[in-house]
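Beneath this line is the structure, given in structure tokens, with notes to follow.
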Amino acid sequence: MRGRLIIYVLLIATLIGSAFLSLFYYLEVKNYEEQMLDIVAKTPMPAHHLVLISEELDHEYWKLVEAGAKQAEDYYDVFVEFTGPQNSNQDEQVRLLEMAIAKRVDGIIVQALNDELFTPLINKALVQGIPVVTIDTDEPNSYRISYIGTDNYRSGKLAGHALIADLEGEAVVGIIANSLASTHMQQRVQGFKDAVEDEPGIQVVTIEESNNSRVGASEKADKMLKTYPHITAFYGTSALDGLGVVSTVTALNRDDIYIVAFDTLDETLALLDQGKIDAVVAQEPFEMGYRSVGIMLDIINGKEVDKVYHTSTSIIRKEDLKNGFQIVNDYGQVEIRPW
Ligand code: BGC
């Protein structure tokens, strides 16, 4: 009997204890929530919310664009939401554009990869009062207000002229583009072809797509060399294509093959330094990201802007590396790295 009484007392004490504990935690959480709401309410929100839609989220080239846009946040009263597909995918990019329109953001900065898919949506955004700036790849037939980025046709020409100069007008060329459905890739290929057109010693024998993957580029280079073993040069039209070609050429012991690649990624510059890549078309992705935000804010504030802002594009070779190149460090800051 006494034993039972003790059990009942213990049980009731435990119940009362846990009720108190629950009440205590409930009040703590409530208090914390109230404090957080207070902090959020007191934190000034940036005046404008922009979205920047890239080709690939986790890509070294696009990280430079992002770093540029984020640096602009320090100077303007703006929040830039940087987004893009995990892996290059035009349909996914279009879906992100649709989402940005549905969210009614204050401005959209988008890489307009393909006329057919992107123009209707860019126009839809404009009709709904959301200004659009294209970046990296333009869509001049749409209602986009401005473009910031490389003159892609000219960049292809630069690559062609570099190859002509370095190989003294003699080459059998294979081209690897990330996607032939993308406007900028078509322009980079066309610019190259136009540059070499009047060179009787230069022949473009084949063009393949890498699907914006270094493995893809490597496989295509391998396939091309099996079909056209007399290839003496490769032109990789986007950031990962040249890297893929180097893997294949190295594996096949064909270091004699000339490679002109795109973009100053760390690895590409290291390969240029080692003589595995011969020339690189350097773009200005950080600058594109940074200036795109300023242009968009000018538009929002009713200022006049140009229709096209071309960032600089140049050819670099091994000997140019001593001047150093911009990279994004582990803290997301841009530095000039000396070589
Ligand atoms: C292009 C980007 C592209 C990247 C992919 C760059 O050369 O300008 O549009 O997303 O390469 O690797």
Side-chain angles (χ1 to χ4, degrees), residues 52-69 82-90 92-93 96 109-115 117-118 133-139 147-159 175-192 208-218 220 234-247 259-269 271-272 277 279-289 292 309-316 325-326 328:
L52 196 163
I53 307 168
S54 67
E55 177 163 6
E56 213 172 282
L57 206 50
D58 210 8
H59 187 299
E60 253 194 86
Y61 172 88
W62 285 101
K63 281 189 181 159
L64 279 163
V65 176
E66 180 181 11
F82 182 82
T83 181
Q86 280 306 326
N87 297 305
S88 184
N89 177 332
Q90 292 194 355
E92 173 67 4
Q93 218 168 331
L96 292 167
I109 302 166
V110 62
Q111 179 206 30
L113 271 181
N114 170 296
D115 184 8
L117 287 174
F118 286 71
V133 168
T134 48
I135 188 167
D136 175 272
T137 313
D138 194 12
E139 190 34 77
Y147 166 68
I148 173 114
T150 295
D151 177 341
N152 285 302
Y153 175 76
R154 181 174 163 269
S155 71
K157 274 203 145 177
L158 286 179
I175 300 180
I176 300 191
N178 110 22
S179 156
L180 291 170
S182 299
T183 311
H184 63 335
M185 294 295 116
Q186 293 164 0
Q187 292 166 338
R188 291 179 192 181
V189 169
Q190 196 54 51
F192 182 89
E208 292 277 358
E209 293 176 310
S210 65
N211 200 19
N212 204 16
S213 118
R214 126 197 345 231
V215 176
S218 170
K220 291 297 167 67
F234 276 104
Y235 165 40
T237 68
S238 72
L240 303 179
D241 300 326
L243 297 175
V245 172
V246 171
S247 314
I259 300 171
V260 52
F262 250 83
D263 296 311
T264 53
L265 307 191
D266 283 359
E267 208 180 331
T268 308
L269 294 181
L271 291 168
L272 186 65
I277 287 178
V280 169
V281 183
Q283 305 194 78
E284 301 267 9
F286 179 85
E287 178 90 0
M288 289 181 209
S292 67
Y309 295 92
H310 279 147
T311 43
S312 84
T313 315
S314 54
I315 291 287
I316 53 171
F325 285 91
Q326 64 178 27
V328 179

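Whatever order the structure lists ligands and atoms in, that order sets their numbers, starting from 1. Only a predicted model underlies this, so the values are computations on that prediction, with no experimental measurement involved.
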In terms of relative ring orientation, are Tyr235 and Phe262 parallel, tilted or perpendicular, with 30° and 60° separating the classes?
tilted

Heavy atom of His184 under 4.0 Å from ligand 1? yes

Here the gap from Thr313 atom OG1 to Glu284 atom CD, rounded to the nearest 0.5 Å, amounts to 7.5 Å

Quick note on ligand 1: atoms under 4.0 Å from a heavy atom of Gln283 include exactly 1 (C), 6 (C), 7 (O), 8 (O)

Under 4.0 Å between heavy atoms, the region of Asn212 that gets near ligand 1 turns out to be side chain

Contact region, Arg188 to ligand 1, non-hydrogen atoms below 4.0 Å, reads side chain

Minimal heavy-atom distance between Ser210 and Ile176, with the atoms involved, is CB-CG2, 3.8 Å

- prompt: Can you check whether Asp136's main-chain N or O pairs, donor with acceptor, with Gln111's side chain at less than 3.5 Å?
  reply: no

Polar-atom distance check: Ala239 versus ligand 1, any N or O pair below 3.5 Å? yes

Report task. List the steps and the verdict of side-chain hydrogen bond (donor to acceptor under 3.5 Å, both in side chains) for Thr311 and Glu287. Result -> CA-CA 7 Å; Thr311 43; Glu287 178 90 0; over 6 Å; no

Of Asp241, Leu113, Leu240, the one forming a side-chain contact (heavy atoms from CB on, under 4.5 Å) with Asn178 is Asp241

Atom 10 (O) of ligand 1 has as its nearest protein heavy atom Glu55 OE1, 2.6 Å

Counting heavy atoms under 4.0 Å, the part of His59 that contacts ligand 1 is side chain

Q) Just distances here: any N/O of Asp136 and N/O of ligand 1 closer than 3.5 Å? A) yes

Closest to atom 7 (O) of ligand 1 (heavy atoms only, candidates Asp263, Thr237, Leu265) is Asp263

Paired with Asn152, the side-chain hydrogen bond (donor to acceptor under 3.5 Å, both in side chains) test is passed by just one of Arg188, Gln190, His184, Lys157, namely Arg188

